[in-house]
Protein chains: 2
Amino acid sequence: MNIGEVATASGLPAKTIRYYEDIGLLRAARGANGYRHFDDRDVRMLSFVSRARSLGFSIDDCRSLLSLYADRDRASADVKRIAREHLTGIAKKITELEAMRDTLEDLVSRCQGDDHPDCPILDGLAGAEVPQ
Amino acid sequence: MNIGEVATASGLPAKTIRYYEDIGLLRAARGANGYRHFDDRDVRMLSFVSRARSLGFSIDDCRSLLSLYADRDRASADVKRIAREHLTGIAKKITELEAMRDTLEDLVSRCQGDDHPDCPILDGLAGAEVPQ
DNA sequence: CATAATCCTTCCAGTAGATGGAAGGTCAAG
DNA sequence: CTTGACCTTCCATCTACTGGAAGGATTATG
């Protein structure tokens, strides 16, 4: 399989796959013409990475997960730890975004949104009191 | 005021303030010794940016907001539009993160987390069925 | 068989938003 | 006078790609 086919199969752009090779996430075999070629294992591996990335795992997380994935003797506890740490990070981001949303919703709701220059949003951003 | 004092007053690192000058978000006056110096207006402006950034507005949003902030004749509707667009973006991110969290929580809850190699998390990432 | 379209290669640059560090000038205190 | 804190510029680095140019390989069409 050439890179284009793998891109379609794995859901990752060809550019991204080359990039992953560049940073050592994978090694690709080369044909006589210099083209990379891939087998089903590569496709599975790239799909794995694609899924993990879409769940917000960093490239470094992916490296760890891939080595655990490849290691027949790994303990599931190791994987669970990485996933748990990641969950904590996600939960924190959600909390922060919700706080942003609440503040901003409050500011927006106070704003008339008309031709007048008075704007509670700008006032709020400028540091004026924004009571609960 | 020197940059360090402004950094303390605005809550932004000095490095960040220099960076903001670099990208043209602000212009700083210079003393005879080459040191930047700032007045209260600058501090207010930087606090404004600091707040907007912490609410997730991009630097470009900040540019728009600052020019609206400085414009006595602006309509609050303009500000409201920017804030609303931003709210939509935040809501989308929250939804995505919640979906991630749910999938990952499901995978984690299925994982024994022991010494055994069977791991539903890796299976899930590898593309196995993860029923609702 | 010629040619055009598509696919592949490498390499370089850029994105957002800073942050870290080196090398060196300035200033205030003791 | 020296020490240390603070300031300056410049260059590199981070994450995770993405875009594009220049050019070679392959495939499809006339």
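Naming: A, B, ... by sequence-line order, numbering from 1 per chain. Just so you know, these numbers come straight off a predicted model, no measurement behind them.
- Rounded to an integer number of Å, the gap from CG of Leu46(A) to P of dC17(D) is 12 Å.
- Ser47(B) meets the side chain to side chain donor-acceptor pair (under 3.5 Å) test with no other residue; sequence neighbours excluded.
- Of all non-hydrogen atoms in Ala28(B) and Phe38(B), the two that sit nearest each other are CB-CE2, 3.8 Å.
- Scanning for side chain to side chain donor-acceptor pair (under 3.5 Å) contacts around Asp61(A) gives Ser58(A), with sequence neighbours left out.
- Under the rule for a salt bridge (Lys or Arg N to Asp or Glu O under 4.0 Å), Asp22(B) has no partner lying at least two apart in sequence or in another chain.
- When rounded to the nearest whole Å, the span between CG of Asp22(B) and P of dA16(C) equals 14 Å.
- Contact check for Arg53(A) versus Ile59(A): side-chain heavy atoms found under the 4.5 Å cut-off.
- Taking Glu85(A) as the reference, Arg81(A) meet the side chain to side chain donor-acceptor pair (under 3.5 Å) condition, with sequence neighbours excluded.
- Applying the salt bridge (Lys or Arg N to Asp or Glu O under 4.0 Å) test to every pair with at least one member in residues 36-45 of chain B, sequence neighbours left out, gives these pairs: Glu21(B)-Arg36(B).
- One can place CE of Met1(B) at 15 Å from C1' of dC6(D), the figure rounded to the nearest angstrom.
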Would you be so kind as to tabulate the donor-acceptor pairs closer than 3.5 Å made by side chains of residues 10-20 of chain B, with sequence neighbours excluded?
{"from": "Ser10(B)", "atom 1": "OG", "to": "Val6(B)", "atom 2": "O", "distance (Å)": "2.9"}
{"from": "Ser10(B)", "atom 1": "OG", "to": "Leu12(B)", "atom 2": "N", "distance (Å)": "3.3"}

| request: Go along nucleotides 4-12 of chain C 5' to 3' and tag each nucleotide: B for a protein heavy atom under 4.0 Å from its base, S when only backbone or sugar atoms are that close, - otherwise. | output: ---BSBB--
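- For Thr95(A), the side chain to side chain donor-acceptor pair (under 3.5 Å) test picks out no residue, with sequence neighbours left out.
- In this structure, Ile23(B) places its CD1 atom 16 Å from P of dG14(C), rounding to the nearest Å.
- Close to dA16(C), at under 4.0 Å from its OP1 or OP2, lies no side-chain N or O of Arg53(B).
- Using a 4.0 Å cut-off, some side-chain N or O of Thr16(B) falls inside it from OP1 or OP2 of dT19(C).
- Going from atom CG of Leu25(A) over to atom C1' of dA16(D) covers 11 Å, rounded to whole Å.
- Separating the CG atom of Leu12(A) from the C1' atom of dT18(D) is a distance of 14 Å, rounded to the nearest angstrom.
- Contacts between residues 56-63 of chain B and DNA chain D, defined by a heavy-atom separation below 4.0 Å, involve no residue at all.
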